[in-house]
Amino acid sequence: MALKQISSNKCFGGLQKVFEHDSVELNCKMKFAIYLPPKAETGKCPALYWLSGGCNIKGEDESWDFGTGAGFYVDATEHPWKTNYRMYSYVTEELPQLINANFPVDPQRMSIFGHSMGGHGALICALKNPGKYKSVSAFAPICNPVLCPWGKKAFSGYLGTDQSKWKAYDATHLVKSFPGSQLDILIDQGKDDQFLSDGQLLPDNFIAACAEKKTPVVFRLQEGYDHSYYFIATFITDHIRHHAKYLNA
């Protein structure tokens, strides 16, 4: 699969690059960014995935919580979304295969994290694939989408009206059936996040499900922080250290 380099910038001693490729799963051109640390010049490195994406379909830009900015990391089953909206398969299968084939990456050492809808994506990718990811973390994830307005809108559009199909992409439901294999979860949530108070994120439901299943989760409610990238920038180092602990083990 041909990769076209869009940009390359020196960064923290390594290289931050952006590539474009034709995606089989999504039936469109996709871009991804990759950071290659200095170590990548001499040996294989672990991979830590951070999530996002979208493509041009009639109707997808009419609403900020559905379409381009909100693919919800599902494999859509409904027209017209099902042809292109297959972000779950793209993130868990096509993209790692592409990265492993083209870059000095150890395919056995892979972790995943994300923010908001991407945090939801990180949690479901890890919970649906026991053993695939060494660790998972999230910033302000949408934890129980079948019960929140964003999730109900997206899932009915992408997956149809049969709500039993929705649970396959809901972290709170997935953790209840997650097998015994260990997965250490870290979640940071801003206490002043408007979407938390609006009932879109519902972390308490996820924490309760983890407690019931005795799945290890560290949940940190951060005083004064909102949903923005300032919040992410403040705590991102903690998350990278969390993943490094498992990726370098």
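At a threshold of 4.5 Å between non-hydrogen side-chain atoms, the residues F206 and N144 do not count as touching. Between L51 and M117, every side-chain heavy-atom pair lies at or beyond the 4.5 Å cut-off. With a 4.5 Å cut-off on side-chain heavy atoms, I99 and F32 count as touching. Residues V74 and F155 are in side-chain contact: their nearest non-hydrogen atoms beyond the backbone lie under 4.5 Å apart. Two residues are said to be in side-chain contact when any heavy atoms from C-beta on lie closer than 4.5 Å; S135 and L183 fail this criterion. Within the 4.5 Å cutoff, no side-chain heavy atoms of C210 are placed close to those of K213. Contact check for Y85 versus T77: no side-chain heavy atoms found under the 4.5 Å cut-off. Taking the side chain as every heavy atom from C-beta outward, Y169 and P145 never approach each other to under 4.5 Å.
Using a cut-off of 4.0 Å between Lys/Arg side-chain N and Asp/Glu carboxylate O, K82 and D75 are scored as not salt-bridged.
Dense packing is recorded around NZ of K132, with more than 12 heavy atoms of other residues, nucleotides or ligands lying under 6.0 Å away. Atom NZ of K167 is surrounded by 12 or fewer heavy atoms from other residues, nucleotides or ligands within 6.0 Å. Counting heavy-atom neighbours within 6.0 Å of E41 CD, excluding the residue itself, gives a total of 12 or less.
N84 places a side-chain N or O within 3.5 Å of a backbone atom of L26 that can act as its donor or acceptor partner.
To the nearest 0.5 Å, atom OG of residue S177 and atom CG of residue L127 are 8.5 Å apart. Atoms CD1 and NZ, on I34 and K17 in that order, are 9.5 Å from each other to the nearest 0.5 Å. Here Q97 contributes atom CD and N102 contributes atom CG; the two are 11.5 Å apart, rounded to the nearest 0.5 Å. Taking SG of C143 as the reference point, atom CG of N205 lies at 8.5 Å (rounded to 0.5 Å). Put simply, CD on E25 and OG on S89 are 4.5 Å apart, with the number rounded to the nearest 0.5 Å.
With no hydrogens or angles considered, a side-chain donor-acceptor pair links S23 and E94 at under 3.5 Å. When only modelled atom types and interatomic distance are considered, D188 and Q222 share a side-chain donor-acceptor pair under 3.5 Å.
Shortest non-hydrogen contact noted between V136 and H242 is O-NE2, 3.3 Å. Nearest heavy-atom pair across K245 and D184 is NZ-OD2, 4.5 Å. Of all the heavy atoms in F72 and A154, the pair that sits closest is CD1-CB, 3.4 Å. Shown here for T172 and V175, the closest heavy-atom pair between the two residues is O-CG1, 3.5 Å. Minimum heavy-atom separation, G160 to E78: N-CG, 3.2 Å. Of all heavy-atom pairs between P149 and G199, the closest is CD-O, 4.1 Å.
Checked against the 6.0 Å centroid threshold, H120 and F113 do not count as a close aromatic pair. Aromatic pair W150/F195: centroids less than 6.0 angstrom apart. Taking the ring centroids of F235 and Y225, they lie under the 6.0 Å cut-off.
Under a hydrophobic-cluster definition in which Ile, Leu, Val, Met, Phe, Trp and Tyr are linked whenever side-chain heavy atoms come within less than 4.5 Å, directly or via other members, L15 and L3 are assigned to different clusters. Hydrophobic clustering (ILVMFWY, side-chain heavy atoms < 4.5 Å, transitive): Y35 and L95 are in distinct clusters.
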- prompt: Would E93 and R86 satisfy salt bridge (Lys or Arg N to Asp or Glu O under 4.0 Å), going step by step from the backbone distance to the final call?
  reply: CA-CA 11 Å; E93 300 296 337; R86 296 183 52 79; over 6 Å; no

query: Where do D238 and R220 land on the salt bridge (Lys or Arg N to Asp or Glu O under 4.0 Å) test, with the steps shown first?
result: CA-CA 11 Å; D238 291 349; R220 309 191 307 184; 2.8 Å; yes

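Results of the side chain to side chain contact (heavy atoms under 4.5 Å, CB included) test with S137 over V218, I112, L186 single out L186 as the only residue that passes. Screening Y246, F231, F139 for a ring-ring contact (aromatic ring centres under 6.0 Å, His included) with H239, the sole residue that qualifies is F139.
The aromatic rings of Y90 and H21 sit parallel, their planes meeting at an angle under 30°, below the 60° perpendicular limit.
By the salt bridge (charged side-chain N to carboxylate O under 4.0 Å, His left out) test, D193 pairs with no residue at all, sequence neighbours left out.
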